[in-house]
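Worksheet: the structure to be examined is printed underneath.
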Amino acid sequence: MPHLTTVAGPLPVSAVRGPALSHEHLVLDLDRTGDGAAVLDPGRHLDAVTSELAALRAEFGLSLVIELTCRGMGRDPRALARIAEESGVAVVAATGWYYEPFHPGEIGGTPVEQLTATLVREINDGLDSTGIRPGILGEIGSHGERPSEPETRALLASAHAAVATGLSVATHAQLGRGGLAQLELLTGAGLAPHRICLGHQDLLDDPAVHRELAASGAYVAFDTVGKESYQSDDTRLRLLLALLDAGHADRTLLSCDISRHGYLESEGGQGYGHLFRSFLPKARAAGVDDDLIDLMTRRNPLRFLTGADTDTTAEIDTDTDTEEI
């Protein structure tokens with residue numbers, strides 16, 4: 001059985017017996033206006049984040065969070081390690097670059113080869129001189145129907161680094177747009193579709209695009225569940241059911257993308273648990289059975305992270321009590 005690379009080190013896939021959140025932020029700083037809204041600060045919010053994850057572990061068996069805060073987004077590997085240890089929920093950290101408005105100066109006009117070397121070095125040696133290694137490239141961003149020139153270089157570097165190191169790539173498609181162009185770039189650079197997850201597709205009300213992405217073999221992320229100001233969960237559910245009806249449950253990932261402290265339960269927000277407490281009950285009421293939910297929330301994230309192109313995790317006993325990981 002393959003292993004995941006988590007902030008605490010290698011973790012056997014067999015240890016992940018409960019669901020995963022496939023696109024989240026536990027520590028973050030995207031504040032460009034000074035209002036402090038788009039922030040999850042380890043000094044102020046770490047305890048609240050840790051408490052939410054621990055509660056979800058106890059109530060729903062939450063076993064894994066794929067944390068996609070990358071370079072220039074306020075990443076803090078040591079804080080992630082502390083959250084993982086104190087909550088009992090495994091955390092996979094990321095490297096890469098977000099979309100252009102948030103690019104650090106290092107992107108500039110730097111050639112793809114040099115950007116690739118930066119990513120490969122972090123994957124092999126660890127993040128920010130901590131020795132904590134990333135287990136994924138993400139969330140690699142673009143906005144618009146086609147990536148900008150700097151975004152193109154970041155995506156190509158991510159693809160080359162993924163091929164060189166055996167990691168997968170999760171993208172940020174702003175408001176769900178540009179997923180097909182991202183897929184074209186990444187696969188054109190030699191990355192297999194099943195190592196790619198196209199982000200925020202639940203913000204794009206276009207089932208034909210979702211089907212095309214999934215049919216290619218890539219993963220389609222419905223990963224902003226609960227962000228009603230962007231899209232209603234009723235629309236998300238309609239789009240999800242359409243994708244499932246088209247036969248693409250094995251290419252679907254679900255998450256909430258908590259990206260500001262106002263989304264935390266302690267501040268009156270929907271929290272990391274909205275997927276489990278609100279959205280999945282609605283999906284069950286619409287006819288989505290527990291096996292499909294396990295596929296989308298556990299087996300698919302594991303397949304995506306490890307590069308297994310078939311469902312090799314179905315035999316794992318999900319009824320076994322969760323344990324410290």
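All of these numbers come straight from a predicted model, not from anything done at the bench.
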Is the closest side-chain heavy-atom distance between [X] and [Y] below 4.5 Å?
{"X": "His45", "Y": "Val27", "result": "no"}
{"X": "Val49", "Y": "Leu264", "result": "yes"}
{"X": "Pro147", "Y": "Leu185", "result": "yes"}
{"X": "His274", "Y": "Lys227", "result": "no"}
{"X": "Met73", "Y": "Leu30", "result": "yes"}
{"X": "Phe276", "Y": "Leu56", "result": "yes"}
{"X": "Asp257", "Y": "Tyr263", "result": "no"}
{"X": "Ile136", "Y": "Phe304", "result": "yes"}

Is there a salt bridge (charged side-chain N to carboxylate O under 4.0 Å, His left out) between Arg236 and Glu228? Walk through the geometry before answering. CA-CA 10 Å; Arg236 286 188 180 89; Glu228 295 270 351; 5.2 Å; no
Is there a salt bridge (charged side-chain N to carboxylate O under 4.0 Å, His left out) between Arg57 and Glu52 once you walk through the steps? CA-CA 9 Å; Arg57 178 176 178 269; Glu52 282 201 35; over 6 Å; no
Of the non-hydrogen atoms in [X] and [Y], which two are nearest, and what is the gap between them?
{"X": "His248", "Y": "Ala214", "answer": "CG-CB, 3.5 Å"}
{"X": "Ala218", "Y": "Leu183", "answer": "CB-CD1, 3.9 Å"}
{"X": "Pro193", "Y": "Ser216", "answer": "CB-O, 3.3 Å"}
{"X": "Ser255", "Y": "Glu24", "answer": "OG-OE2, 2.7 Å"}
{"X": "Leu4", "Y": "Val16", "answer": "CD1-CG2, 4.0 Å"}
{"X": "Leu137", "Y": "Ser158", "answer": "CD1-O, 3.6 Å"}

State, without any angle test, whether [X] and [Y] hold a side-chain donor-acceptor pair at a distance under 3.5 Å.
{"X": "Thr33", "Y": "Asp35", "value": "yes"}
{"X": "Ser142", "Y": "Gln174", "value": "no"}
{"X": "Glu151", "Y": "Ser148", "value": "yes"}

Salt-bridged, Glu59 to Arg277, with N to O below 4.0 Å?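 Arg277 and Glu59: salt-bridged.
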Are any side-chain N or O atoms of [X] and backbone N or O atoms of [Y], one a donor and one an acceptor, separated by less than 3.5 Å?
{"X": "Gln201", "Y": "Gly199", "value": "yes"}
{"X": "Arg251", "Y": "Gly217", "value": "yes"}
{"X": "Ser63", "Y": "Gly61", "value": "yes"}

To the nearest 0.5 angstrom, please state how far the [atom1] atom of [X] sits from the [atom2] atom of [Y].
{"X": "His143", "Y": "Leu175", "atom1": "NE2", "atom2": "CG", "answer": "10.5 Å"}
{"X": "Leu68", "Y": "Ser22", "atom1": "CG", "atom2": "OG", "answer": "8.0 Å"}
{"X": "Arg75", "Y": "Thr69", "atom1": "CZ", "atom2": "OG1", "answer": "9.5 Å"}
{"X": "Thr5", "Y": "Leu305", "atom1": "OG1", "atom2": "CG", "answer": "9.0 Å"}
{"X": "Ile293", "Y": "Met296", "atom1": "CD1", "atom2": "CE", "answer": "6.0 Å"}
{"X": "Arg78", "Y": "Leu80", "atom1": "CZ", "atom2": "CG", "answer": "11.5 Å"}

Is [Y] reachable from [X] through a run of I, L, V, M, F, W or Y residues, each pair having side-chain heavy atoms under 4.5 Å apart?
{"X": "Leu46", "Y": "Val89", "value": "yes"}
{"X": "Val13", "Y": "Leu253", "value": "yes"}
{"X": "Leu203", "Y": "Ile196", "value": "yes"}

CD of Glu212: more than 12 outside heavy atoms within 6.0 angstrom?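 Incorrect, the count does not exceed 12.
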Suppose the criterion is ring-ring contact (aromatic ring centres under 6.0 Å, His included): which pairs have a residue in residues 157-191, not counting sequence neighbours?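 Residue pairs with at least one partner in residues 157-191: Tyr98-His172, Tyr99-His172, His172-His200.
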Apply salt bridge (charged side-chain N to carboxylate O under 4.0 Å, His left out) to Arg153 and Glu113, showing your working. CA-CA 9 Å; Arg153 281 186 282 117; Glu113 294 77 13; over 6 Å; no
